[in-house]
S.K.: 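One structure, pasted below without further comment.
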Amino acid sequence: MRTPSARPNNGATTAAIFAAGIGLCLTLAAYVIEGARSSLSVALGAVVAVANLLAMRAIITSLIVPPDKNASDGGATSTPAHDEHGETADESSVHEREGKRGGLVWGVFAVLKIFILFGVIWLLLARKIAEPISFVVGYGAMPLGIVVSTLATALSPR
């Protein structure tokens with residue numbers, strides 16, 4: 001049985017790691033070129049971007065990845081038994097499994113996450129905690145991290 005902290009590394013995790021690295025590089029470059037205030041704004045943008053990626057990873061994983069099999073079967077696969085309608089036990093219990101994953105709760109959290117994201121960005125910019133252009137540069141670590149992680153995955157030997 002897997003523990004929550006033992007989740008496999010997936011594309012969103014890799015993208016978040018690359019985004020964090022790119023955000024750090026952008027923060028250091030902003031410090032050298034523009035100074036501490038710009039550097040703080042870039043760092044805040046990068047932190048919001050990485051947090052957004054990690055939240056999306058949690059939402060997508062919970063909605064798409066099927067729950068773990070029971071520990072009693074040892075993870076072994078066998079020929080599924082069919083009922084009188086020709087459906088396997090796995091097919092007939094799809095709704096039950098989806099309910100156990102809490103799909104509705106994660107769907108609500110996905111919508112709530114958008115409001116939280118825009119609220120945090122609004123607070124940082126309206127209160128002049130972050131400079132707008134520098135913040136956007138830091139937030140740019142997210143798409144850059146996604147692109148770089150996709151290229152790294154595609155170009156890595158199998």
Side-chain angles (χ1 to χ4, degrees), residues 1-34 38-71 73-80 88 90-91 93-122 124-125 130-158:
M1 185 164 77
R2 290 187 318 182
T3 61
S5 62
R7 285 194 168 173
N9 189 3
N10 58 23
T13 304
T14 305
I17 291 168
F18 276 104
I22 291 169
L24 179 63
C25 292
L26 291 172
T27 300
L28 293 174
Y31 184 75
V32 170
I33 296 169
E34 291 291 324
S38 265
S39 178
L40 173 66
S41 298
V42 171
L44 288 171
V47 166
V48 170
V50 171
N52 189 26
L53 276 172
L54 293 176
M56 286 307 299
R57 180 193 72 173
I59 292 166
I60 291 169
T61 300
S62 68
L63 292 175
I64 293 176
V65 176
D68 291 336
K69 289 188 173 190
N70 292 335
D73 67 1
T77 58
S78 61
T79 306
T88 64
D90 286 339
E91 291 170 340
S93 65
V94 167
H95 297 294
E96 180 182 335
R97 286 189 316 220
E98 288 177 358
K100 288 181 182 176
R101 286 198 324 243
L104 179 63
V105 173
W106 283 104
V108 169
F109 179 67
V111 173
L112 185 61
K113 181 201 74 73
I114 293 170
F115 288 107
I116 292 170
L117 173 67
F118 290 143
V120 167
I121 292 171
W122 176 81
L124 291 172
L125 297 178
E131 298 172 342
I133 299 299
S134 299
F135 182 85
V136 170
V137 168
Y139 198 80
M142 181 176 64
L144 290 173
I146 292 169
V147 168
V148 171
S149 69
T150 302
L151 287 173
T153 303
L155 298 175
S156 67
R158 298 195 187 251

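Each residue takes its place number in the sequence, starting with 1. Not measured: the values here are computed from a predicted model.
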S.K.: Just to verify, what does Val48 make a side-chain contact (heavy atoms from CB on, under 4.5 Å) with, not counting sequence neighbours?
M.R.: Leu117, Val120, Ile121, Leu124, Phe135, Tyr139
S.K.: Taking Thr153's backbone N and O only, do any of them form a donor-acceptor pair with Ser156's side chain (distance below 3.5 Å, no angle check)?
M.R.: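 Side chain of Ser156 to backbone of Thr153, a donor-acceptor pair under 3.5 Å: yes, one is there.
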S.K.: Would the number of heavy atoms belonging to other residues, nucleotides or ligands and lying under 6.0 Å from CG of Leu24 be above 12?
M.R.: yes
S.K.: Please report the closest heavy-atom contact between Leu53 and Ala19, naming both atoms and the distance.
M.R.: CD1-CB, 3.9 Å
S.K.: Could I get the full list of side-chain hydrogen bond (donor to acceptor under 3.5 Å, both in side chains) partners for Ser39, not counting sequence neighbours?
M.R.: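 Listed in chain order: nothing, the list is empty.
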S.K.: Taking only residues two or more places apart in sequence, or in another chain, which ones meet Tyr31 in a ring-ring contact (aromatic ring centres under 6.0 Å, His included)?
M.R.: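 For Tyr31, no residue satisfies ring-ring contact (aromatic ring centres under 6.0 Å, His included) once neighbours in sequence are set aside.
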S.K.: Within the structure provided, determine whether Phe109 and Val105 are in side-chain contact (heavy-atom separation under 4.5 Å).
M.R.: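 A side-chain contact is absent here, since even the closest heavy-atom pair is not under 4.5 Å.
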S.K.: Could you note down all residue pairs passing side chain to side chain donor-acceptor pair (under 3.5 Å) where residues 110-119 supplies at least one of them, sequence neighbours left out?
M.R.: Asn52-Lys113
S.K.: Is there any salt bridge (Lys or Arg N to Asp or Glu O under 4.0 Å) pair reaching into residues 140-154, and which pairs are they, with sequence neighbours excluded?
M.R.: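 Sorted pair list comes back empty.
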S.K.: Anything under 3.5 Å between a donor and an acceptor, one on a side chain of residues 141-150, the other on a protein residue two or more places apart or in another chain? List them.
M.R.:
from: Ser149; atom 1: OG; to: Gly145; atom 2: O; distance (Å): 3.1
from: Ser149; atom 1: OG; to: Ile146; atom 2: O; distance (Å): 3.0
from: Thr150; atom 1: OG1; to: Ile146; atom 2: O; distance (Å): 2.7

S.K.: Output all residues satisfying side-chain contact (heavy atoms from CB on, under 4.5 Å) with Ser134, sequence neighbours left out; order by chain, then residue number.
M.R.: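 Per chain and number, Ser134 pairs via side-chain contact (heavy atoms from CB on, under 4.5 Å) with Ser38, Ser41, Val42, Glu131.
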S.K.: Under the rule for side-chain contact (heavy atoms from CB on, under 4.5 Å), what residues qualify as partners of Leu54, not counting sequence neighbours?
M.R.: Ala16, Val50, Arg57
S.K.: Ignoring hydrogens, what is the shortest heavy-atom contact between Gly138 and Ala49? Give both atom names and the distance.
M.R.: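 For Gly138 and Ala49, the tightest heavy-atom pair comes out as O-CB, 4.5 Å.
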S.K.: Applying salt bridge (Lys or Arg N to Asp or Glu O under 4.0 Å) as the test, list every pair that has at least one member in residues 135-150; sequence neighbours left out.
M.R.: none
